[in-house]
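For reference, the structure discussed in these notes is given below.
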Amino acid sequence: MTDPHSSSALPVPAALLPEACDDARAAIGFSGGQVGAAVIAAVSACALLLWMAGLTIDPFAHSNIPYYAILAIAPLLRLWCQRDGRRWSIVFAQVVEYYALFMALALVGAITSYPVAAMSQGFADAGLQRMDELLQFDWLAWYRTVAAHRSLQLLGIIAYQSIFLTPALLLGWFAVTGQRREAHRFLAAFGIAAVLTLAIYSQMPAVGPFSYLWHGPIPYMPVSELWQPDLIPALRDHTLTVVDVGQLRGLVSAPSFHAASATLYIAAAQRCGPLRWWLTAIPCAMLLSTPVEGTHYLIDLILGAGVALVAWFFATLLVRWRVRTAGALSQ
């Protein structure tokens with residue numbers, strides 16, 4: 001008996017599987033139906049929260065055009081590559097699929113943070129700052145050091161923005177080596193981490209240490225700037241009711257999703273052979289840049305790392321279940 005959903009797993013040639021050729025289970029991922037159901041559930045939950053918060057998205061906004069183009073082109077490109085059958089086409093089809101799923105997860109998560117912020121109450125900065133004091137972390141001293149050195153600013157910006165580069169390298173490696181199981185484990189963990197982050201954030205919204213602690217002239221403006229103090233109240237009092245997808249801003253302070261992402265990247269990198277050292281070092285640098293560039297308390301990072309570990313655990317359970325069920329169906 002064969003798995004009725006197995007057609008979603010592309011037959012990657014053995015020559016492209018230097019690390020997975022001795023483990024047939026490495027090519028087993030979630031079925032097309034399972035992936036589609038997860039995406040539909042995520043989009044539906046986002047739409048419901050937008051409706052509950054009285055927010056809308058203008059479907060005709062020019063900023064939506066790139067997303068419409070990707071949604072239209074990605075499935076067609078993947079199908080064409082899959083039918084082509086050549087090695088590079090098969091790998092490229094996997095890359096398109098993984099990148100599209102990652103983009104969808106990131107986009108839906110970012111949009112969902114707006115209704116979550118709109119329905120939240122108060123700010124938790126005082127408590128978060130007290131936790132930092134107990135941890136003996138001085139955010140102001142960290143910020144002043146960065147503000148006084150242009151080299152630290154440039155390195156911090158590069159490291160902070162690597163949140164987009166590292167998953168591209170990870171998923172590209174999984175595609176080339178035929179590790180569909182690992183790609184889907186990473187994507188599942190990323191989605192679970194986003195859900196957990198938003199759930200916790202709804203209970204402890206914050207404006208971040210830059211807005212809460214710094215007073216006076218600003219010697220250096222971090223990448224994340226100062227959106228929360230103005231944007232969150234505007235969402236709450238309904239003076240802002242339309243979410244511009246092309247101008248999404250980071251609203252989540254605790255837990256830090258940059259810290260959650262970095263932790264997931266490090267975990268996934270251990271399956272990347274010779275690239276694992278680079279793909280571990282880059283997220284570590286991103287973590288170091290996050291307190292200033294992301295304007296996060298240290299406790300934000302700790303909470304984010306904890307969220308990632310929980311998400312990785314549950315994603316691993318889901319992948320193991322999928323491998324067992326696929327094996328049983330193929331017998």
Side-chain angles (χ1 to χ4, degrees), residues 45-46 49-50 52-55 106 108-144 146 160 163 190 192-216 218 221-240 243 248-264 286-311:
C46 178
L49 288 171
L50 286 168
M52 291 174 61
L55 298 174
V108 171
I111 294 173
T112 304
S113 69
Y114 278 61
V116 170
M119 293 186 288
S120 66
Q121 296 180 350
F123 291 103
D125 292 273
L128 295 171
Q129 173 59 18
R130 282 196 295 271
M131 291 300 298
D132 269 16
E133 291 172 358
L134 291 175
L135 295 168
Q136 297 185 352
F137 179 75
D138 189 342
W139 186 90
L140 287 174
W142 194 286
Y143 170 75
R144 289 190 182 100
V146 173
Y160 190 74
I163 191 172
F190 192 85
I192 294 170
V195 172
L196 294 176
T197 296
L198 291 170
I200 297 173
Y201 168 65
S202 69
Q203 303 304 308
M204 54 173 63
V207 296
F210 194 16
S211 298
Y212 185 71
L213 298 175
W214 186 265
H215 305 287
I218 298 174
M221 180 64 75
V223 171
S224 58
E225 301 187 29
L226 294 172
W227 298 106
Q228 291 98 327
D230 295 325
L231 192 51
I232 294 177
L235 289 167
R236 289 174 176 175
D237 62 21
H238 303 293
T239 56
L240 175 63
V243 178
L248 293 174
R249 306 299 181 185
L251 298 179
V252 179
S253 180
S256 164
F257 197 67
H258 261 75
S261 299
T263 305
L264 293 177
M286 185 172 75
L287 282 172
L288 291 174
S289 72
T290 298
V292 170
E293 297 304 331
T295 65
H296 280 291
Y297 302 96
L298 178 60
I299 188 62
D300 297 350
L301 274 66
I302 295 172
L303 290 172
V307 162
L309 293 176
V310 172

Let me confirm one number: the CG-CG distance from Asp230 to Leu240, rounded to the nearest 0.5 Å.
11.5 Å

Do Ile218 and Leu226 have side chains that get closer than 4.5 Å, going by heavy atoms?
yes

Taking atom OG1 of Thr295 and atom CG of Asp300, what is their separation to the nearest 0.5 Å?
8.5 Å

Nearest heavy-atom approach of Leu287 to Ala259 is CD2-CA, 3.6 Å

From Leu309 atom CG to Leu196 atom CG, the distance as rounded to the nearest 0.5 Å
11.5 Å

Ser256 meets the side-chain hydrogen bond (donor to acceptor under 3.5 Å, both in side chains) criterion, sequence neighbours left out, with none

Do the non-hydrogen side-chain atoms of Pro205 and Arg236 ever get within less than 4.5 Å of each other?
yes

Not counting sequence neighbours, which residues clear side-chain hydrogen bond (donor to acceptor under 3.5 Å, both in side chains) with Arg130? List them please.
none

Between His238 and Ala53, the two heavy atoms sitting closest are CE1-O, 3.4 Å

Taking all non-hydrogen atoms of both residues into account, name the closest pair between Ala311 and Ala193 and its distance.
CB-N, 3.6 Å

Apply side-chain hydrogen bond (donor to acceptor under 3.5 Å, both in side chains) to Arg144 and list each qualifying residue two or more places apart in sequence or on a separate chain.
none

Any chance you could lay out the side chain to side chain contact (heavy atoms under 4.5 Å, CB included) test for Leu198 and Ser113, step after step, and finish with the verdict?
CA-CA 7 Å; Leu198 291 170; Ser113 69; 3.8 Å; yes

Parallel, tilted or perpendicular: which one describes the rings of Phe257 and Phe190, with boundaries at 30° and 60°?
perpendicular

Might you point out which heavy atoms bring Val223 and Glu293 nearest each other, and give the distance in Å?
N-OE1, 2.9 Å

Kindly indicate whether the side chain of Phe123, heavy atoms from C-beta on, has any atom under 4.5 Å from the side chain of Ile232.
yes

Got Phe137 and Pro291 here, is their nearest side-chain heavy-atom distance under 4.5 Å?
yes

Between Pro255 and Gly304, the two heavy atoms sitting closest are CB-N, 3.6 Å

Name the one of Thr290, Leu303, Val252 that satisfies side chain to side chain contact (heavy atoms under 4.5 Å, CB included) with His296?
Thr290

More than 12 heavy atoms of other residues, nucleotides or ligands under 6.0 Å from CE of Met221: is that the case?
yes

I'd like to check Leu49 versus Met119 (side-chain heavy atoms, cut-off strictly below 4.5 Å). Are they in contact?
yes

Taking only residues two or more places apart in sequence or in another chain, which ones pass ring-ring contact (aromatic ring centres under 6.0 Å, His included) with Tyr114?
none

Here the pair of heavy atoms bringing Leu251 nearest to Ala117 is CD1-CB, 4.0 Å

Sequence-distant partners of Asp125, side-chain hydrogen bond (donor to acceptor under 3.5 Å, both in side chains), two or more places apart
Tyr297

Rounded to the nearest 0.5 Å, the CG atom of Leu128 sits from the CE atom of Met204 at a distance of 6.0 Å

Could you state the interatomic distance from CG (Leu140) to CD (Gln129), rounded to the nearest 0.5 Å?
7.5 Å

Whether Tyr143 and Trp214 hold their rings parallel, tilted or perpendicular, with breakpoints at 30° and 60°
perpendicular

Applying side-chain hydrogen bond (donor to acceptor under 3.5 Å, both in side chains), which residue pairs with at least one partner in residues 195-212 are found, sequence neighbours left out?
none

Is the shortest side-chain heavy-atom distance between Ile302 and Met131 below 4.5 Å?
no

Can you tell me how far NE2 of His258 sits from OG1 of Thr263, rounded to the nearest 0.5 angstrom?
12.0 Å

